[in-house]
Protein chains: 2
Amino acid sequence: MSPSATMKRKNGVALWRQIADRIRGEIAAGDHDETGMLPPEMTLAQKFGVNRHTVRSAIAALASEGILEPMQGRGTIIARKERLSFPISLRTRFTAGIGDQVKEMEALLLSHITEPANADLAARLQLPLGTPLIRLETLRKADTRPVSRSTTWFPADRFAGIGEAYQKSGSITAAFKMLGVADYVRISTVISASHADTRDLADLELSPGAILLITQALNADMDGVPVQYAISRFSADTVEFTVEN
Amino acid sequence: MSPSATMKRKNGVALWRQIADRIRGEIAAGDHDETGMLPPEMTLAQKFGVNRHTVRSAIAALASEGILEPMQGRGTIIARKERLSFPISLRTRFTAGIGDQVKEMEALLLSHITEPANADLAARLQLPLGTPLIRLETLRKADTRPVSRSTTWFPADRFAGIGEAYQKSGSITAAFKMLGVADYVRISTVISASHADTRDLADLELSPGAILLITQALNADMDGVPVQYAISRFSADTVEFTVEN
DNA sequence: AGCTATTTGTCCGTATGTATT
DNA sequence: TAATACATACGGACAAATAGC
């Protein structure tokens with residue numbers, strides 16, 4: 001069957017791509033500012049003269065860009081975003097870093113186990129292979145909205161009970177203090193970006209296609225001895241990082 | 001018609017999501033390492049007992065995660081990735097930073113115009129509103145593969161001719177030197193992540209759904225006077241950033 | 001509270017286009 | 001040229017969530 005009376009494929013560009021571009025343009029032009037919502041899929045399909053599924057392809061693409069948020073039964077809302085700015089420095093501290101940008105911070109301990117260091121972890125923490133490590137899985141929220149999910153490893157012999165200390169205080173800094181580390185510094189941070197997997201979507205309450213900023217951070221005490229290695233996954237819609245020199 | 005004999009929707013999880021998870025698991029388990037390719041869509045559809053479109057939904061999701069690369073007429077290849085590590089420090093230099101990780105670096109000047117500073121740029125560069133700025137659009141490649149696309153602004157009165165200097169030398173550092181700035185430092189860097197737009201896809205030769213790491217960087221001379229503000233867009237599959245303290 | 005209409009989500013089937021082998 | 005395999009678009013049916021009466 002012929003595609004459409006009003007739109008056709010032009011120079012190899014798929015119909016749904018053309019429609020995505022037009023919708024993106026409409027939003028940028030402020031056409032839907034009154035409602036803050038996109039018209040129903042059927043309406044758009046008629047307007048562009050295509051099948052509903054073709055419109056859905058376009059909406060899915062824009063949703064994965066974070067521009068739209070389709071909600072079953074309600075409609076498709078147009079996303080507005082403002083990011084938390086998270087400073088990375090010698091004394092990177094989660095709570096202190098973004099504390100003034102939100103009203104309330106929350107830290108949840110999801111799990112808490114001891115495991116032997118594999119080759120990668122052993123090298124990073126400068127410990128012999130197989131050294132027991134405490135692994136914490138934590139979730140951080142700002143104003144009830146999930147911001148990051150972290151996996152953190154500590155040398156188990158030196159920091160026995162850090163899971164409980166963290167759960168009580170809700171802060172790594174406070175937990176360290178209880179265990180005799182008065183101060184610590186960020187040695188290195190590796191920043192990358194990736195798509196969210198199923199687990200991220202659930203924990204961070206994201207929609208499929210969301211993207212993450214990922215940090216791999218190594219902290220050491222004031223003698224330069226590694227005390228903590230952490231991989232944190234942040235919703236890229238929610239945060240950005242700042243490096244001041 | 002009933003969905004499938006072999007797979008059905010479980011607790012509200014869509015079939016294509018379940019299949020995506022299974023394929024992701026197969027890849028992680030190394031099931032397709034011999035060929036480096038996924039079996040044809042029809043084969044997968046039969047294997048999972050679903051319609052070909054359902055498999056396509058799963059593949060599309062994994063493709064947007066960068067795990068798969070479907071190629072029309074050929075098949076669906078399984079992506080392997082290794083990233084260039086890009087250091088961010090007081091003396092962040094593009095070429096020197098990743099120079100030892102690649103054989104050949106290339107810098108292209110895409111465009112070169114003068115425009116007045118808007119409110120945002122004026123504030124960042126600490127100049128009066130409307131001050132003329134030179135704007136350069138550049139594309140950087142490593143071993144012929146595009147790595148980043150940048151928009152860079154310089155005060156026009158102080159750095160007249162920097163476009164030509166950059167084009168000749170292929171380096172900001174060299175261009176600054178020609179214009180009397182022997183040294184400069186990175187004041188601040190803001191790092192965020194976003195989806196690639198149409199322009200990014202073309203310039204950086206990415207596939208739709210690709211994600212970017214974006215830096216907003218401010219450089220100043222040794223007197224602390226801002227000399228350059230740049231927004232750079234990096235393919236997140238290609239690079240990561242490192243911050244050493 | 002309950003029913004109905006609206007709206008998005010999922011899945012199937014079919015046909016045709018386009019790129020590669 | 002022919003076969004293969006992914007890409008696009010259409011159509012239909014039903015499920016699930018929400019909103020409104």
Side-chain angles (χ1 to χ4, degrees), chain A residues 1-21 23 32 35-64 67-79 201 207-209, chain B residues 1-21 23 32 35-64 67-79 201 207-209:
Chain A
M1 186 161 294
S2 82
S4 149
T6 53
M7 287 190 82
K8 290 200 175 118
R9 289 183 64 168
K10 302 274 178 191
N11 49 308
V13 178
L15 257 179
W16 66 264
R17 262 181 225 289
Q18 299 177 47
I19 291 169
D21 288 341
I23 294 175
H32 307 287
T35 56
M37 300 203 65
L38 215 60
E41 294 170 352
M42 280 307 292
T43 310
L44 292 170
Q46 287 183 353
K47 169 176 169 183
F48 295 123
V50 300
N51 189 273
R52 176 178 161 235
H53 292 305
T54 307
V55 170
R56 279 181 61 75
S57 294
I59 291 176
L62 296 174
S64 90
I67 295 173
L68 297 178
E69 289 180 16
M71 306 184 57
Q72 189 171 165
R74 288 192 51 187
T76 300
I77 68 177
I78 296 164
L201 298 183
S207 32
Chain B
M1 184 161 293
S2 80
S4 149
T6 54
M7 286 191 85
K8 289 201 176 117
R9 288 183 64 172
K10 302 275 179 186
N11 51 309
V13 178
L15 257 180
W16 65 266
R17 263 182 226 289
Q18 298 178 47
I19 291 170
D21 288 340
I23 293 176
H32 307 288
T35 57
M37 300 203 63
L38 217 59
E41 292 170 352
M42 279 307 293
T43 309
L44 291 171
Q46 287 184 353
K47 168 177 169 181
F48 293 123
V50 299
N51 189 274
R52 178 176 157 238
H53 292 304
T54 309
V55 170
R56 278 179 62 74
S57 296
I59 290 176
L62 296 174
S64 89
I67 294 173
L68 298 178
E69 289 179 16
M71 310 192 46
Q72 191 170 161
R74 287 190 51 188
T76 299
I77 67 177
I78 298 165
L201 297 183
S207 32

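The basis for the numbers below is simple: all heavy atoms, side chains too, and nothing from hydrogens, waters or symmetry mates.
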Atom-pair distance ([atom1] on [X]; [atom2] on [N]), nearest Å:
X: His53(A); N: dA15(C); atom1: NE2; atom2: P; value: 16 Å
X: Ile19(B); N: dT10(C); atom1: CD1; atom2: P; value: 13 Å
X: Gln46(B); N: dC12(C); atom1: CD; atom2: P; value: 13 Å
X: Ile77(B); N: dT20(C); atom1: CD1; atom2: C1'; value: 13 Å
X: Leu44(A); N: dA9(D); atom1: CG; atom2: C1'; value: 17 Å
X: Met37(B); N: dT4(D); atom1: CE; atom2: P; value: 16 Å

Inter-residue atom distance [X].[atom1] - [Y].[atom2], 0.5 Å rounding:
X: Met37(A); Y: Met71(A); atom1: CE; atom2: CE; value: 8.0 Å
X: Leu68(B); Y: Ile78(B); atom1: CG; atom2: CD1; value: 6.5 Å
X: Ile23(B); Y: Leu44(B); atom1: CD1; atom2: CG; value: 5.0 Å
X: Met42(B); Y: Asn51(B); atom1: CE; atom2: CG; value: 8.0 Å

For nucleotides 4-8 of chain C, which of its nitrogen or oxygen atoms have a protein nitrogen or oxygen under 3.5 Å away, and what is each distance?
residue	atom	partner	partner atom	Å
dT7(C)	O2	Gly73(A)	N	3.4
dT8(C)	OP2	Glu41(A)	N	2.8

Inset, instruction - Answer yes or no: does a side-chain N or O of Thr54(B) lie under 4.0 Å from OP1 or OP2 of dT10(C)? - result: no

Legend entry - Nucleotide nearest Asn51(A) (side chain, heavy atoms from C-beta), chosen from dT10(C), dC12(C), dG11(D): dG11(D)

Inset, instruction - Would you name the heavy atoms of Pro70(A) and Ile59(A) that are closest together and state the gap between them? - result: CG-CG2, 4.0 Å

Legend entry - salt bridge (charged side-chain N to carboxylate O under 4.0 Å, His left out) involving Arg56(A) - partner list, sequence neighbours excluded: Glu41(A)

